[in-house]
Amino acid sequence: MHFAYLLSRLDSLRELKAAHAAAATTGFAFLRPAATITSLLQSVTLLRPLPPKALSLPYALSLFGSLPHPASTLAHNLLIRLLLSAAPSSPFSALRLFSRLRRLSLPPDLHSFPLALSASSRLRLLPLGRALHAQSLRFGFSRSLFLRNALISLYSSCAALIDAEHVFLEKNLAIDVVSYNTLIHGYANAGDINSARHLFDVMPHRDQISWGTVIAGYSRSGRCVDALRLFDEMQAVGFEPDNAALVSALSCCAQLGLLERGRAIHDRIGKAMNAHLLTALVDMYAKCGAINAAVNLFDECPCKNQFTWNAVIVGLAMHGHGVLSLEYFDKMQAAGVRPDGVTFLGVLVACSHSGFVEAARKFFGEMEAVHAVPRELKHYGCMSDLLGRAGFIGEAMEMIEGMPVKGDAYVWGGVLAGCRNHRGNMDVAEIAARHLLELNPGDSGVYLIVAGIYADAGRWADVARIRSSMDAMKVKRNVALSFVQQPWVMALSRRLLGAIRDNIQLHLGEKGRLKSGLKLVM
DNA sequence: GTAGGGTTAG
C-alpha cells in the first residue's frame, strides 16, 4: 500500500523505473512480487502526460510478462487501458488482450467490458461490440453506468442509433452528462444534426464537451454559421472553448473563408499549439487564400503529424504551387511520416495543376506498390482530370475500364472536360456525358459542354437538339461560386452579383493572382 | 472504466 502511494507521487517513466530498481535491490519486491509489479503497471497508466507508446509500452509489457501466470484481471485491464490511451492507440492489441483474459478464464470485471467496448467502438466493429454487449449482460453488469455509456458510444460510433437510443432510454436506469454527450455525437455522426441539437437543448446539464460536440457536428455537416453562433454562445454563458471547440471553429472559418475570424482564433491560441490546432490553422490560412501564412506557420511549428503534412501539401496543391507541394511531400517522407490516401490526393492535384503528367503516372503507380496506400475513387478521379487536361483521353478511358469500381462524376467529368478542351473523339464525349447524366440527371453543365463540343465540330443541328432537350427537361443552369472574405471584395460584391446574372465568367485576383483573390465560375 | 476536435479534387 505504501509502495503504491510512493509510486503515485512519481511523474515520469524514469522515476518509476528507478523506484522499481530500488524495490528490487532492497528485496521489497520479493515479498509481494505480483502486488509490486501491478502497482508499477498502474503507475505507468496514471502518468500525466502519458509517455508515447514507444516509451511506455515496452516497460509495461515487461512488467506484465514478469507477473506470475496467468496474471490478473486487474493487470489485463491496466495494460488494455494503456494500449488504448498511449499514442498511437492500439485497439486491436487491446482486443487481443481482452480475448486472452477470457481464454484464460479470468473473470472480466466492471472495468474490462467498457475497455473492450471502447476498442470495438474505435475499430467500428459492430458485430463484436454486440457480442460483448451480450456477454456483459450475462455477467450481470447491465446496471453499470460506465458500461452503458460505453455501449452508447459503440452504437453511436457505428451509426446504430436505434441501439444507442435503446441503451440510453432503458426503464429507470441512470444516465449522466456523458450519456447525453455520447448520444449527441451519435446523432451528429449519423448526419442527423437536428436531433443532436435537440438533445443538446433539452439536456439538464451541459459541459464543455457538450458544446464542443454540437459545434463539431454543425461544422462537419457544413452548418458553419450555426457552429460559429454556438461557439460565441458558449463563451457568452461562461464556457471557455477548449481545443476541440477551437479546432471546429477554425474549420468553419476555413469553409466560409473567414480569414479575420480565423486570425483572431489563432491569436488566442498563441503558443498553446498541438497537431490538431496546427492542422486546422494551416488549412484555414490555405483555404482563406493566405497560403504564405499557412506555410510559414507550418514551417515554424514542430508539432506536426500526418494530418498537418496533408493540410500543407493539399493547400499548396490547390493554390497551384505544384513544385512546392511535391517538395513538401519529399520532406514529409524524409521526416518519417507515412503518406496516406489524402496525401496522394494532394500530390496528384499538385501534378494536375502543374501539368506533371509523367510524375503523376509515377505517383499513381507507386502509391499502392511502394507505399501500400490503396487507390480510391478520388485518386482515379484526379488522374482522369489530369489525363483529360493533358489530352490523354484514350489513356483515361483505359484506366476507367480497369477500375475495380464504377466511375463517379469526377472520373467522367475529367474525360468530358478533356474532350471539350482537346477536340476529343465525339463517341467518348457521349459516353462520358451519358455516365454523368446517369449520375446527376439535371446537370446543366454536362449539356452545355456537350453542346460546346458539337459547336466546335460545326454540328449545329446537334447543338440545337441539346438546347431543346434542355428546355423540354427544364434543365436549369446551376451557378457555383466560391469566395474569400477580403475587404476589397466586399466592396465589389454588388458588381459581381450583377455579373453572375449576366452570365459572365469572372476570374479576379489580387495583383493579378487568382490564388489570393476571388473566383466566380458559372 | 465511459464522451467531443483536424487534412480529401472543381
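What you are looking at is a predicted structure, and each value in this text was computed from that prediction instead of being measured. Naming: A, B, ... by sequence-line order, numbering from 1 per chain.
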With respect to the side chain of Thr279(A), which nucleotide from dT7(B), dG10(B), dG5(B) is positioned closest? dT7(B)
Base of dG10(B), side chain of Asp385(A) - is there a donor-acceptor contact under 3.5 Å? no
Indicate, with a heavy-atom threshold strictly under 4.0 Å, whether Asp207(A) touches base, sugar-phosphate, or nothing. base
Identify whether any heavy atom of Ala188(A) sits under 4.0 Å from a base atom; if not, whether one sits that close to sugar-phosphate; answer base, sugar-phosphate or nothing. nothing
What nucleic acid atoms does Asn77(A) come within less than 4.0 Å of, heavy atoms only: base, sugar-phosphate, or nothing? nothing
Would you say a side-chain N or O of Arg220(A) is under 4.0 Å from OP1 or OP2 of dG5(B)? yes
Quick test of the criterion, 5.5 Å between centres and less than 30° between planes. Is Tyr410(A) stacked on dG10(B) or not? no
For a quick test of reading the model: is some side-chain N or O of Lys287(A) closer than 4.0 Å to OP1 or OP2 of dG10(B)? no
Tell me whether the side-chain N/O atoms of Ser251(A) come closer than 4.0 Å to OP1 or OP2 in dT7(B). yes
Working to the nearest 0.5 angstrom, can you tell me the gap between Ser144(A) OG and His111(A) NE2? 8.5 Å
Base, sugar-phosphate, or nothing: which does Asn243(A) touch, judged by heavy atoms less than 4.0 Å apart? base
So, Phe298(A) versus Trp309(A), ring centres under 6.0 angstrom or not? yes
Going by ring pair (Phe, Tyr, Trp, His ring centres under 6.0 Å), name the residues that satisfy it together with His435(A), two or more places apart in sequence or in a different chain. Trp412(A)
What about Asp242(A), does its side chain sit under 3.5 Å from the base of dG4(B) through a donor-acceptor pair? yes
Minimum-distance nucleotide (side-chain atoms of His185(A) versus dG4(B), dT2(B), dT7(B)): dG4(B)
Pick base, sugar-phosphate or nothing for Gln306(A), based on heavy-atom distances below 4.0 Å to the nucleic acid. nothing
Please determine, by modelled atom types, if Tyr155(A) and His166(A) share a side-chain donor-acceptor pair under 3.5 angstrom. no
Taking OP1 and OP2 of dT2(B), is either one under 4.0 Å from a side-chain nitrogen or oxygen of Thr182(A)? no
Ignoring the backbone of Asn310(A), work out which of dT7(B), dG10(B), dG6(B) is nearest its side chain. dT7(B)
Taking the side chain of Ala216(A) as heavy atoms from C-beta outward, which of dT2(B), dT8(B), dG5(B) is closest to it? dG5(B)
Arg206(A) to Phe239(A), cation-pi by 6.0 Å centre distance and 45° axis angle: no
